[in-house]
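Everything below concerns the one structure shown next.
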Amino acid sequence: MRAAWLPTKFGLGSQLLPLWVPFSQQTSRHPYSSLLRAIRYSRRGTIIESRQFVTSLTRRGIAAPEICFEPKDSQKGIPGHARVVPASPSYFTGKPEFTDNLLFLQDLLRKYQTLPVVQPGQAPRVAWKTLAQYRLVVGEPVKASKYHKIVLLLQRLNHIHPSLLPEDVKSAIAPYKRDVNPHENVPNQRTVDRFGRVIGVGRRKSSTARVWLVEGDGEVLINGKPLVGVFPRVHDRESAIWALKATGRIDKYNVWALVEGGGTTGQAEALTLGVARALLVHEPSLKPALRRAGCVTRDPRRVERKKPGKLKARKMPAWVKR
Amino acid sequence: MASQSCWRCLLRCPPSIYPGNRLFSTTPAVLAKPLKAKKSDQAFGAPKKGVKSLRIKKKVAGKSTGKPPAPGERKAIRKRIVLSNTNALEVKGMQDLSNENMADEEVRGTVVGLPGPLVDRLRAVEAFRTGQGWGLFRRPGVLMRGDSLEIAKALEGVESEKKTLRRIYTGERRSGKSVILLQAISMAFLKDWVVVTIPEGQDLTNAHTEYAPLHSTTPVQYVQRAYTASLLSRISKANAPILSNLKTSLSHKLPIPIPRDTPLSRLADLGVRDPDIAWPIFQALWDELTSTQAARPPIMLTLDGLGHTMRDSQYRDPAFKPIHAHDLAIVRHFVDLLSGARSLPNGGAVLAATSASNVPSTPSLALALSQRLHSTTTTSSQQQTLSRLKPIQRNPFIAYDERVLQSITPSVDIVELQGLSREEARGLMEYYAASGMLRHKIDESFVTEKWTIAGGGVVGELEKASVMGVRV
């Protein structure tokens with residue numbers, strides 16, 4: 001009987017099936033199969049349903065029923081001398097689930113090691129489960145070095161050419177992938193629209209700027225106003241067009257922007273980022289120059305929250321004697 | 001311990017309470033030493049509640065030993081107009097503004113110097129203002145931008161055809177409205193016109209000079225005698241070379257007798273000396289200047305800060321109602337000439353400039369200017385480009401001032417000053433560099449950068465970004 005190797009849902013290996021197939025005859029192992037807990041049978045083939053701890057005769061009325069030694073109808077075919085053995089040979093190791101998983105993946109790799117592989121780095125990018133996530137799934141104190149062995153196997157399997165990847169490999173490595181693949185989270189590619197505009201969005205502090213950049217001769221309109229109408233400070237005006245200034249492109253583009261939220265500095269520096277991102281669509285080769293000018297990375301700093309017992313985020317009240 | 005005087009004894013006054021006792025003292029009270037302050041009980045023991053015993057700040061801020069400025073000194077520094085910087089370089093090859101080159105296309109986009117005598121006369125009419133950056137350069141110079149050449153040509157036409165040019169300059173902050181007035185005044189001086197200026201409209205309406213009702217006027221007008229005297233002083237000082245050659249030709253009814261053939265400069269000086277007769281003298285002078293019976297030069301009349309004269313003034317009438325600025329005699333005189341109610345028979349120009357930094361709330365003026373600037377059938381020929389000022393719709397919930405709306409007649413040109421062109425900006429920046437105030441190679445990219453930072457070549461912002469902004 002091969003009921004133990006029926007495919008089960010990953011991580012939910014709690015089907016209680018009686019097994020008596022000797023270990024030597026098992027040809028494949030299922031991950032987490034040791035979770036299939038063996039049920040102990042008595043020598044006589046009866047299931048011990050409960051144990052009698054009550055000795056008092058007066059309590060027999062509410063105690064569990066007595067053991068029925070007669071075989072039930074469902075167990076008629078089972079020979080009485082069968083001994084229940086663990087579902088997995090790893091049952092007696094310290095970390096049976098992990099051992100099963102490792103052996104299963106090793107078997108799989110041995111089976112498919114002749115399949116052609118892609119060049120290193122050409123395989124589809126996959127984020128494997130982190131050690132913490134894996135430990136949560138298996139519920140065992142797996143060491144990092146041990147899990148690394150699994151990850152190496154997974155990477156090797158992932159390098160099998162995608163067009164030839166067998167179904168069982170696919171299904172075997174799928175449970176090890178993170179639920180959300182961060183490598184698939186790529187921003188939409190901006191393009192120049194039919195009017196020659198590119199929109200770039202920049203943020204700084206609590207300001208947001210939407211910048212439309214077109215080829216032109218250095219005119220700037222922000223919220224429908226000229227630069228001097230928006231930023232009285234020369235420094236802020238320079239910040240707003242810093243991406244163009246740092247790359248010597250002021251006289252090549254016109255800026256039309258909408259900026260909202262935050263204060264003057266935040267708005268000016270949100271515009272810097274917005275202009276830089278739009279400029280990168282027009283001229284992607286400017287990226288190193290813009291990075292050197294500090295226009296590529298979003299400054300993640302925000303106002304630090306106020307804490308209880310303090311006047312501001314960190315300011316302490318003045319010391320008083322008493 | 002019981003008191004020495006028992007309660008019963010208090011009924012009788014002790015001898016020391018008798019005031020007569022003091023009469024026997026031979027020590028005058030003033031010579032007596034003041035009583036020593038009683039020693040504090042706090043010399044020992046815990047400090048009293050609320051008394052600060054721990055002084056964390058060891059240092060006490062030292063008192064400044066410098067002398068505080070004398071009364072009026074700070075204001076004098078604030079109002080002082082510096083026209084020269086001896087550290088700046090002399091710009092070689094700079095032309096002076098003259099009759100020949102003022103309308104010449106050759107000087108477009110270059111900075112021309114103001115000749116020395118002209119500078120004195122401009123000072124006399126208070127055409128220079130603080131914050132215009134005159135003190136940055138060796139000597140005063142002005143950029144001949146497109147609008148400068150345009151006004152120069154217009155003044156030429158006025159002179160030949162003896163008509164009156166009426167114009168209001170408006171535009172955003174630091175766009176050069178006051179300087180274009182200065183340029184027009186300079187040109188008028190060079191053309192030997194008579195120049196009458198009101199350097200700041202606010203001075204007339206903020207109730208800082210005395211005022212009095214003018215008899216035999218309905219509705220009542222108010223005359224500001226002291227201001228009129230200072231106005232006459234400006235006229236007399238700045239136009240002395242011309243007015244001294246002009247003699248009275250009309251007979252006037254004045255409080256004081258004046259002989260015939262009095263030079264007009266002498267007439268003005270009479271008004272300067274006695275503010276009580278300043279207004280009649282001003283009227284007589286104006287009649288003389290606009291007289292057609294003798295050869296009279298054209299007149300240029302200018303006013304800066306128009307907004308303040310287009311609303312209620314800070315003055316009050318006897319019923320304590322605000323006096324409308326147009327009821328002030330000097331403002332009325334100007335507004336009549338601006339709107340076309342009065343004219344200049346010998347030709348001339350009436351120019352006004354709004355202010356964008358010292359701007360009172362004048363919805364009527366704003367509406368009138370906006371309607372003219374954004375109307376499709378604009379009369380001013382130079383409005384080729386789009387106005388940068390926001391269009392204003394008539395608000396039904398605002399009571400507009402009809403007197404103001406009617407004073408901006410279609411005969412008044414509205415000129416909005418915009419940013420410099422790149423060529424003009426380049427000329428200006430080359431002047432900065434030649435003066436040694438801007439140490440940078442003036443090339444295409446640099447000019448464009450500053451032009452953009454200056455919001456599209458707004459001239460004051462250009463100066464701020466390139467010359468004033470280099471302070472370390």
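In what follows, every chain begins at residue 1, and chains take the letters A, B, ... in the order their sequences are listed.
Looking at B/Arg173, there are no atoms closer than 4.5 Å to chain A (heavy atoms on both sides), in backbone or side chain. Looking at B/Glu172, only its side chain comes within 4.5 Å of chain A, counting heavy atoms on both sides.
A side chain to side chain contact (heavy atoms under 4.5 Å, CB included) with A/Lys129 is found for one member of A/Asp179, A/Val151, A/Leu136, A/Ile150 and no other, namely A/Asp179.
The pair B/Arg129-B/Glu200 meets the salt-bridge criterion, since a charged nitrogen lies less than 4.0 angstrom from a carboxylate oxygen. Comment: A/Arg301 does not engage A/Glu304 in a salt bridge, judged by the lack of any side-chain N to carboxylate O separation of less than 4.0 angstrom.
In summary, the side chains of A/Thr130 and A/Gln133 do present a donor paired with an acceptor at a separation below 3.5 Å, with no hydrogens or angles considered. In this model, a donor atom of one side chain and an acceptor atom of the other lie less than 3.5 Å apart for A/Glu283 and A/Tyr253.
Looking at A/Arg204 and A/Gln267, their side chains never come closer than 4.5 Å, going by heavy atoms from C-beta outward.
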Between B/Arg426 and B/Glu423, is a salt bridge (Lys or Arg N to Asp or Glu O under 4.0 Å) present by the stated rule, with each step listed? CA-CA 5 Å; B/Arg426 189 181 185 123; B/Glu423 293 75 34; over 6 Å; no
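Contact annotation for residues 213-241 of chain A against chain B (heavy-atom separation below 4.5 Å, listed by residue number): A/Asp217, A/Gly218, A/Glu219, A/Val220, A/Pro226, A/Leu227, A/Val228, A/Pro232, A/Val234, A/Arg237, A/Glu238, A/Ile241.
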